[in-house]
Amino acid sequence: MQELTKSLKVSLWFMFLTFPLMVVRVNTIEHTVEWRWMNMVYMAVGSFALSFVWRWALRRKEMAKAAPERPRNAFTERLGSDKRFTVSVYGGLFALFALMPWIVSTYQTNIFISFMLYVILGLGLNIIVGVAGLLFLGHAAFYGIGAYTYALLNHYYGIGFWTALPIGGVVAALAGVVLAFPVLRLRGDYLAIVTLGFGEIVRLVLENWSDLTGGPSGVSNISRPDLFGHHLSVAGANTYVYYIVLVMAIVTIIAVQRLKDSRIGRALQALREDEIACQAMGIDRVNVKLMAFGLGTAWAGFAGVIFAAKTTFINPASFTFFESAIILSIVVLGGMGSNLGVILGSAFLVLMPEYLRAFSEYRMILFAMAMVLMMIFRPQGLIAPKGRKYIINDPDLAATEGGKA
Amino acid sequence: MDWDYFFELTLGGLTRGSIYAMIALGYTMVYGIIELINFAHGEIYMIGAFTGLLVAGVLGVYGFPALAILVIAAVVAVIYCSAYGYTMEKIAYKPLRNAGRLSPLISAIGMSLFLQNYVILAQTSDFLPFPALIPEFEFLDPIAHIFGSSDFVIVVGSALCMAALTLFIKYTKMGKAMRATAQNRKMAMLLGIDADRIISITFIIGSSLAALGGLLIASHVGQINFMIGFLAGVKAFTAAVLGGIGSIPGAVLGGLFLGLAESFATGYISSDYEDVFAFTLLVVFLIFRPSGIMGKAPVEKV
């Protein structure tokens, strides 16, 4: 009964709250008012039901905090460590993705290209946000820097895709390091705002420096990549770009995975956990931070070059803060620091709206909601990052230390 | 030196700066108490403008006089924005009170995107024309070409709001409790201050100032869409940082400084890069003087 009155109150409150925006719609030119009372009914029922779920979830969270941690789900753990299983899953997925352009239409191929671009972008951002714990809100700017590097080099000097690809990555990485230098001293929220500001500056410069970048109308007629000097048809080039992105995505996945367990990766994780302790352990904070930014933005640069080659037309509108927020939500949703999570996150964000048409209109609002809810109920994301376990195999040590540990 | 042009820019900067200051107060107060950059604050301002537009539209159809519309729209916008600010804090920030620093910030970004998309779905993503709610004052006629009645209302209105806020914080019991909570939340709670209530009130006050700012600037500029909150929010945040985040007089000073700087920069250098100036100032200030004009440098505790 108490629960019911509580939910009723919540429902009334939300009806009040959403009344003007949801119900009233005015036309200030013709001076007419449209009342949409049905929305209020949806709102009332929706918030009434959701308030139960909300309280239940909060209670569960409290209970989970009080209860001792349960052992991890053993079944998935076992599956993950079973070599035969993982190899066959990866093999199957690879075969599926390799054959994709021959099975599905060009339109579908395009969707998968953008899915994999987001995977690359997300994994790059994951190095900065997930592994190093630096909240970075300007990722799209570096995506843009990569794209414009190729577009302008191609436009002015006729440089081809394969030459531009490494250049784009290097330019974006350098830009990342240049940004990182001044912000080294800043932490957490200030860092986030400066990167946001930097990202917007880059976009505004691209938009206003019309002589070089073509201003808001952007650069068009960027060449598609050539296959050993052969010029491909539009559909052929599309398939070709698909394979380039596929290879690039796989390279990124492997590289980022290896990076996480490398010396640099572990230094970054140490930095995330505690900056001061990390310095005390002899890690050069400046170097490591610069490296995190450079490594993260380099992938954005690569993705940008491929993006420019795929669309053959770019303008600053593709690289707004909104884009950065989408990439960030991929990382947050998937699980900060978890690579598998980022891949799943981009699948959710890119593929789901394409295949659930009804859902696409509500895409951003649902993801925004998911971002808030994720932070409250599951801050580790869909797939929690798994730290690597280091096992000591020295029998002497095991004999002496084993009992104590 | 063209003095007329100079005065025009100064007055324009003053108007702009007053609005920035009004929004910056919300950032600075929230930051002072829970150390969170309330990313969605700009969206509250946007919702204030939209609520004002809807109220004005409905009342306009029923033929109310302009001044009555202005007053009613302002009151309704303030009520609704306070309600939104309050609800937002309860949903997105309160459950994260004891989480790290990154989680509430990401939650705030999510909230900001949520409110933007909510307005797109509930209303429209296009620009909407906003009726001019502020009547023409006769005594401003001689300088109306550089300082119209809406500029006058904005500057005077925001000055009054800020004065009232300062008095409230300085002399009321609630203001005292707010200052205590900002200084040391745990200690304040030990002394019997309900910190949750103080935080809610902070959000309510910040949101109502943002609502007034949104309504006034929308009436001044004449059109609104769902994106106005983002830019205004970042700029107001810049103002808060310039003045020293957490400091109330600092926010006012920072707002006016930013408004004037932007006005002169667009007037004398180039209007293409209008927004770049604000962002550059933000980046430069955060790098060289993160504690701002009025703030104190924080001591790092180990």
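Naming convention: chains lettered A, B, ... in sequence-line order (proteins, then strands); numbering from 1 in each chain.
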K.L.:
Answer with yes or no after comparing the ring centroid distance for His139(A) and Phe136(A) against a 6.0 Å cut-off, counting only values under it.
P.N.:
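They qualify: ring centres under 6.0 Å apart.
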K.L.:
So for Trp13(A), is it side chain, backbone, both, or neither that comes closer than 4.5 Å to the heavy atoms of chain B?
P.N.:
side chain
K.L.:
Between Thr280(B) and chain A, which part of the residue has a heavy atom less than 4.5 Å away: side chain, backbone, both or neither?
P.N.:
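Answer is both: backbone and side chain atoms of Thr280(B) are under 4.5 Å from chain A.
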K.L.:
Looking at Thr51(B), Val283(B), Thr87(B), which makes the most heavy-atom pairs under 4.5 Å with chain A?
P.N.:
Thr87(B)
K.L.:
Heavy-atom distances under 4.5 Å only: say whether Val332(A) touches chain B with side chain, backbone, both or neither.
P.N.:
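Looking at Val332(A), just its side chain touches chain B.
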K.L.:
Determine the interplanar angle of the Tyr118(B) and Phe114(B) rings, folded into 0 to 90°, and report it as parallel if under 30°, tilted if 30 to 60°, perpendicular if over 60°.
P.N.:
parallel
K.L.:
For the interface with chain B, which of Glu200(A), Glu207(A), Lys61(A), Met374(A) has the highest count of heavy-atom pairs at distances below 4.5 Å?
P.N.:
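Among the listed options, the one with the most contacts to chain B is Glu200(A).
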K.L.:
Please classify the contact of Tyr31(B) with chain A as side chain, backbone, both or neither, using a heavy-atom distance under 4.5 Å.
P.N.:
side chain
K.L.:
Looking at Trp54(A), Phe16(A), Phe14(A), which has the largest count of heavy-atom pairs under 4.5 Å with chain B?
P.N.:
Phe16(A)
K.L.:
Please flag which part of Thr18(A) lies under 4.5 Å from any non-hydrogen atom of chain B: side chain, backbone, both or neither.
P.N.:
both
K.L.:
In this structure, are over 12 heavy atoms from other groups packed under 6.0 Å from Tyr86(B) atom OH?
P.N.:
no
K.L.:
Could you check whether Arg97(B) makes a cation-pi contact with Tyr93(B), meaning its NZ or CZ is under 6.0 Å from the centre of the six-membered ring and within 45° of the ring axis?
P.N.:
no
K.L.:
Answer with side chain, backbone, both or neither: which region of Val23(A) has an atom nearer than 4.5 Å to a non-hydrogen atom of chain B?
P.N.:
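For Val23(A), neither part sits under 4.5 Å from chain B.
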K.L.:
Determine yes or no for a side-chain-to-main-chain donor-acceptor pair under 3.5 angstrom, with Ser11(A) supplying the side chain and Ala44(A) the backbone.
P.N.:
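Judged by distance alone, yes, a pair lies under 3.5 Å.
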K.L.:
Relative to chain B, which segment of Phe322(A) carries a heavy atom at a distance below 4.5 Å: side chain, backbone, both, or neither?
P.N.:
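When you check distances to chain B, only side chain atoms of Phe322(A) fall under 4.5 Å.
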K.L.:
At a heavy-atom separation under 4.5 Å, does Ile106(B) approach chain A through its side chain, its backbone, both, or neither?
P.N.:
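Both backbone and side chain.
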K.L.:
Measuring centre to centre across the rings, with the benzene-like ring taken for any Trp, is Trp37(A) within less than 6.0 Å of Tyr42(A)?
P.N.:
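No: the rings miss the under 6.0 Å criterion.
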K.L.:
Between Arg36(A) and chain B, with a heavy-atom cut-off of 4.5 Å, which part of the residue counts as in contact: side chain, backbone, both or neither?
P.N.:
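Just the side chain, heavy atoms under 4.5 Å.
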K.L.:
What option among Ala108(B), Pro95(B), Ala92(B), Ala56(B) has the most heavy-atom pairs under 4.5 Å with chain A?
P.N.:
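Of Ala108(B), Pro95(B), Ala92(B), Ala56(B), Pro95(B) has the most heavy-atom pairs under 4.5 Å with chain A.
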K.L.:
If we count only N and O atoms by modelled type, under 3.5 Å, do the side chains of Lys94(B) and Ser200(B) hold a donor and an acceptor together?
P.N.:
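Not at all, the side chains of Lys94(B) and Ser200(B) share no donor-acceptor pair under 3.5 Å.
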K.L.:
Chain B: which of Val372(A), Ile201(A), Leu17(A) shares the most heavy-atom pairs with it under 4.5 Å?
P.N.:
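Winner by heavy-atom pair count: Leu17(A).
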K.L.:
Could you have a look at Asn39(A), Asp274(A), Val194(A) and say which one has the most heavy-atom pairs with chain B under 4.5 angstrom?
P.N.:
Val194(A)
K.L.:
Students often mix this up, so state it plainly: with edges at 30° and 60°, are the rings of Phe321(A) and Phe230(B) parallel, tilted or perpendicular?
P.N.:
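Ring orientation, 0 to 90° scale: parallel.
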K.L.:
With rounding to the nearest 0.5 Å, note down the distance linking CG in Leu135(A) to CG in Leu191(A).
P.N.:
7.5 Å
K.L.:
If I measure from the heavy atoms of chain B, does Leu328(A) come under 4.5 Å with its side chain, its backbone, both, or neither?
P.N.:
side chain
K.L.:
Between Val234(B), Val76(B), Ile79(B), Ile91(B), which residue shows the highest count of heavy-atom pairs closer than 4.5 Å to chain A?
P.N.:
Ile91(B)
K.L.:
Using a distance-only test with no angle check, is there a side-chain donor-acceptor pair under 3.5 angstrom linking Glu43(B) and Tyr84(B)?
P.N.:
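Per modelled atom types, Glu43(B) and Tyr84(B) side chains form no pair under 3.5 Å.
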K.L.:
I need the Leu96(B) CG to Met375(A) CE distance, nearest 0.5 Å.
P.N.:
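Result: 8.0 Å between the selected atoms.
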